[in-house]
Amino acid sequence: MNNLKSRLAKEKRFELYGFISVFLALSLLSLLFISIFSQGYTAFEETRIQLKINFEQDILDPGHTKDWSVIKKSNFNLLVKNSLSEIFPDTTKRKQKKKLFKLISSSAEYQLRNEVKNNLNIIGTSKKLWVLADDDVDMLIKGHIKRNLPEDERRIDNKELEWIVTLESKKYIDKFFNKTLFTNGDSAEPEQSGVLGALIGSLFALTITLALSFPIGVATAVYLEEFASKNNKFIDFIEVNINNLAAVPSIIFGLLGLAIFLNFFGMPRSAPLVGGMVLAVMTLPRIIIPSRAALKSVPPSIKEGALGVGASNVQAVFHHVVPVALPGMLTGTIIGMAQALGESAPLLIIGMVAFIVDIPQSMTDPSTALPIQIYLWADTPERGFVERTSAAIMVLLLFLIVMNSLAVYLRKKFEKDIN
Amino acid sequence: MSNKKDSITNDDNFKNFTSSTVGDIHVEDPRIIAKNINVYYGEKIAINNVSIDIGKNEVLAMIGPSGCGKSTFLRCLNRMNDTIDSCKVEGELYLDNKNIYNKKTDVVTLRAKVGMVFQKPNPFPKSIYENVAYGPKIHGMAKNKIELDEIVVNSLERAGLFEEVKDRLDSPGTSLSGGQQQRLCIARTIAVSPEVILMDEPCSALDPIATAKVEELIYELKENFTIVIVTHAMQQAARVSQRTAYFHLGSLVEVGTTEKIFTTPQDKLTESYITGRFG
């Protein structure tokens, strides 16, 4: 009787421990998500200012050439400045004017330039355009810079604040969905920076990683598990080393990439191609080990059945064992790829940490990756990058979720196919 | 290794090899001839000097206590033991006068000729149709889909399963009951038209009704195939087989017609096993 009581108590206690640990894990996870989300959600909006731009013939194309190669050299910034001066005609002092112009992001001139490039007939007319505001204005509008602080403690002085209030009262200032974040690469100006460059870099690198590590990893696992002789010292040696490789710190793989891929083979620095190759080497043992476990868990009777009807060893393995083990192999691959996506250390070493503004067009273009972009932004002092850091983390997590759900979908599909 | 010979002819004096087995190990028209077979697992000897003939169109039952080597011997007949690294086979084994342990023997062709049904039903995790069609497919036995369909239906019919599954050939083989699964495995085996079917305790995982069905099937299949069956149930051996071989600790103790083994066993060991004194 006593025995039963203590046993039941033990079971209850164990259940409680389990519940507590799950609860703890979940609350920490939600804390993480809440903190990232609450800091980052504002990054999905950007502040724009409406300007009535006069595309003056005299500034853009005084000679009436209608030739883009001539027009593109003109001073588009002047159009922005003129337009601002129109709204605030009282500002005449040179110093004040300079301050006024700084309310607008330096990207405005490129926006106008594109506008003209797309439609040369616009010259001589005027058009209302929403141009990007400077990051300080953005931060003020989003409330990250408090208006009621004393003037010397905020980045926007009273005069600038006065202008912004004027713009607000005229409804010339508003928040829009932040397209810039998803269409631009990195930039020194927070309002002009985006994650696209890093996203493409990560995508390229992971494509290379998957293309290299999945076939090689699965082939290795299949060979070791199904074809290699079990009593072979050399095979044992390989096995031990695969297990060791899985535990090697990732930065070491970066050094290996630097020494072999960059210095020996002379491959391009900072390229997603090399990043992907380094990540592939790192991911290999993480695919091989679970793939072997998956192959091992296939009942030997299935293989025997195939051999029994006269299938060769290769046929038995590839027609029957591998399909059954495939879902397990995919699980290993998902975990390996997720780790590769979040990995930054080896990429730092091969130079993917550089400040790169251009969106990479090919696998050999210099690029960064998402975790490195996060690291770079987290390292920058501007207030505007704080929310963008969180936004980049969200993009990374979203990428991860999309990748994982795709893999889970594939796994379910394969599982259904074999049952 | 003494299995150097490729094949034997009737001139060979192969009936004169030594054997400690009681009873008649030879038959008139043998399909399989095993000569002084020894099997080792590493250092351990599992089969000790076994010689036996297996005739055409007969059912040979192999009985004996657990671990006596009957399954090991059965797995020698289609070289299934090759899959075990530590397993070593010595002696000569002829199928239709060809030494199957010759280096030149193609194991794949051999296993197509000598099919095997296992202790636990092991259908492939694929559809019923695919299960049966797999063997003919890999051996290129059907020129087109119509021929393949014919083989599948024919095999299922011969395994007595067609009526039960004809409406759901696309459902997975694993969804069938244990007895149906085992008959599916038999259908899968006969689909490649083997000469010999090896059965390793095919009914040990089945209930009496399913067992009866499989036994009935074995009885019918004997018309066209040589069947070697390992069984623990002596009644089963008595019901389905013409000849019975009794194994004990890796040796073949006694072989004879089933009737003789069960009524007048000559060896003491056989007698005590049959009468249930050990096993």
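Atom set for the values below is all heavy atoms of this structure, side chains included, hydrogens, waters and symmetry mates excluded. So that the names make sense, note that chain A is the first sequence line, chain B the second, and so on, each numbered from 1.
- A:Pro299 is not listed as a side-chain neighbour of B:Asn122, based on a closest heavy-atom distance of 4.5 Å or more.
- Note on A:Glu304 versus B:Arg75: salt bridge recorded, some NZ/NE/NH1/NH2 to OD/OE distance being below 4.0 Å.
- With rounding to the nearest 0.5 Å, the separation of CE in B:Met80 from CG in A:Leu307 is 4.5 Å.
- Summarising the local packing, NZ of B:Lys222 is surrounded by more than 12 heavy atoms from other residues, nucleotides or ligands at distances under 6.0 Å.
- Heavy-atom distances place no part of B:Val117 under 4.5 Å from chain A, backbone and side chain included.
- A donor-acceptor distance shorter than 3.5 angstrom exists from the side chain of B:His139 to the backbone of A:Val309, with no hydrogens or angles considered.
- Residue A:Phe237 places its CZ atom among 12 or fewer non-hydrogen atoms of other residues, nucleotides or ligands, all under 6.0 Å distant.
- Nearest approach of A:Ala306 to B:Tyr134, heavy atoms of both residues: CB-CE2, 4.5 Å.
- B:Val107 does not touch chain A: none of its heavy atoms, backbone or side chain, sits under 4.5 Å away.
- B:Ile146 CD1: 12 or fewer foreign heavy atoms inside a 6.0 Å radius.
- Checked against a 6.0 Å centroid threshold, the rings of B:Phe124 and A:His319 do not count as neighbours.
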